[in-house]
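For ligands, and for the atoms within them, numbers begin at 1 and follow the listed sequence.
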Amino acid sequence: MTATDVPSGGGGPEAGSEAPRAGAVARPVPAGLDARVAPVIAIDGPTASGKGTIAQRVAATLGWHYLDSGALYRLAALGALRAGLGFDDPAAVARIAATLPVAFAPDGRIRLGADDVTDAIRAEAVGNGASRIAVHGPVRDALLALQRSFRRPPGLVADGRDMGTVVFPDAALKLFLTASAESRADRRHKQLIEKGISATLSSLLQDLRTRDARDASRSVAPLVPAKDAHVLDSTTLTVDETVARVLALWSARG
Ligand code: DC
């Protein structure tokens with residue numbers, strides 16, 4: 001299979017094609033397929049709470065698709081950076097977000113135009129830019145249809161900040177995954193060191209607190225647990241234990 005181009009609401013693979021592997025990002029609903037039949041597990045939470053890892057593992061276990069909505073905000077931020085735009089120009093950044101020439105490959109690689117940006121969008125500067133553009137309503141609106149287009153049978157596990165509150169308010173199961181700021185900074189630090197990227201724990205902790213505050217205090221789609229979300233604190237849990245709790249909640253749903 002080749003990468004699938006994803007203009008806003010663009011065409012996708014044939015109906016009935018297999019769910020992508022863990023780590024791959026699900027692709028849009030093919031025209032004519034009724035997305036309402038596909039259940040959604042929404043996993044929201046603050047930065048570095050481990051929701052991406054947990055969501056991918058849950059998706060892989062259930063054989064479902066996976067949406068990393070933060071990647072779309074990161075792609076829009078990178079697109080804005082490359083276009084020489086400031087993060088504080090909502091209309092211009094929204095235009096970029098609405099026309100992202102993005103392609104998700106089944107192996108998890110992400111391209112923006114001809115460039116493989118899988119690693120570039122993980123840079124701290126791009127993550128901070130994503131948090132800054134995410135405060136703008138027009139940018140969020142521009143990404144809404146694209147996010148919803150990832151919902152397809154047999155189901156979707158979506159991670160982000162507003163999956164359960166705004167994007168998929170009818171999600172069958174909603175989780176709000178959190179952990180102490182110190183343990184999140186520590187996890188992020190270890191990840192970066194493993195990748196050979198140097199970073200100090202104190203600056204990561206400060207960045208993370210700034211980003212948490214911005215994500216939680218913005219007026220549009222702030223980072224808050226949905227009223228019907230299960231709040232799961234993973235500070236003292238391993239990845240396996242956290243995945244097991246999410247799957248148990250899913251099974252208990254009946
Ligand atoms: O999950 P992440 O760190 O890749 O997300 C990067 C930023 O994108 C995050 O700081 C806020 C924004 N974001 C958002 O506002 N809503 C989402 N559903 C996902 C991410």
Side-chain angles (χ1 to χ4, degrees), residues 23 25-26 40-56 66-81 87-88 90 93-94 96-97 100 102 104 108 110 112 117-151 156-169 171 174-179 181 184-185 187-189 191-192 195 199 204-226 229 234:
V25 181
V40 174
I41 296 179
I43 304 185
D44 290 307
T47 194
S49 57
K51 57 193 185 312
T53 306
I54 303 304
Q56 285 178 50
Y66 165 59
L67 167 64
D68 169 7
S69 64
L72 301 181
Y73 285 89
R74 287 168 180 269
L75 283 159
L78 185 65
L81 273 175
F87 294 135
D88 302 322
V93 178
I96 295 268
L100 283 173
V102 59
F104 297 103
I110 303 174
L112 196 56
V117 294
T118 318
D119 299 324
I121 61 166
R122 297 296 153 198
E124 289 301 302
V126 176
N128 284 322
S131 171
R132 284 179 58 191
I133 63 162
V135 303
H136 303 310
V139 174
R140 304 196 73 82
D141 289 347
L143 291 175
L144 198 56
L146 178 57
Q147 292 174 87
R148 288 187 176 146
S149 73
F150 283 78
R151 182 179 197 170
L156 176 71
V157 183
D159 87 62
R161 304 293 190 288
D162 60 346
M163 298 296 98
T165 50
V166 175
V167 182
F168 302 110
K174 299 179 187 179
L175 277 305
F176 191 84
L177 187 64
T178 187
R184 288 184 285 125
R187 288 176 196 170
R188 172 68 45 93
H189 190 236
Q191 279 169 359
L192 291 174
K195 287 186 194 161
L204 284 173
L205 184 58
Q206 194 180 330
D207 263 15
L208 189 137
R209 288 198 161 121
T210 306
R211 213 186 306 175
D212 279 357
R214 194 190 294 124
D215 291 349
S217 65
R218 67 184 176 219
S219 56
V220 199
L223 170 70
V224 284
S234 72

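Of all protein heavy atoms, the one lying nearest to atom 12 (C) of ligand 1 is A134 CB, 3.7 Å. Nearest protein heavy-atom neighbour of atom 16 (N) of ligand 1: R140 NH2, 3.0 Å. Regarding atom 7 (C) of ligand 1, its nearest protein heavy-atom neighbour is A130 CB, 3.6 Å. For atom 19 (C) of ligand 1, the closest non-hydrogen atom on the protein side is S69 OG, 3.4 Å. Annotation: atom 17 (C) of ligand 1 to nearest protein heavy atom, R161 N, 3.4 Å.
Under 4.0 angstrom from ligand 1, the non-hydrogen atoms of D215 all belong to its side chain. Only the side chain of R218 comes within 4.0 Å of ligand 1, counting heavy atoms alone; its backbone N, CA, C and O stay farther away.
Distance check: K174 NZ to F168 CZ gives 11.5 Å after rounding to the nearest 0.5 Å. Put simply, CZ on F176 and OG1 on T165 are 9.5 Å apart, with the number rounded to the nearest 0.5 Å.
No side-chain heavy atom of K51 sits less than 4.5 Å from a side-chain heavy atom of M163.
Qualifying salt bridge (charged side-chain N to carboxylate O under 4.0 Å, His left out) partners for D162, counting only residues two or more places apart in sequence or in other chains: R140.
Every heavy atom of R214 sits 4.0 Å or more from the atoms of ligand 1.
Of all the atoms in ligand 1, the ones that sit under 4.0 Å from a non-hydrogen atom of M163 are 18 (N).
Where the criterion is an N or O separation shorter than 3.5 Å, residue side chain and backbone included, R74 meets it with respect to ligand 1. Considering backbone and side-chain N/O atoms, Y73 never comes within less than 3.5 Å of an N/O atom of ligand 1.
Counted within 6.0 Å of CD on Q206, heavy atoms from surrounding residues, nucleotides or ligands total 12 or fewer; the atom is thus considered open.
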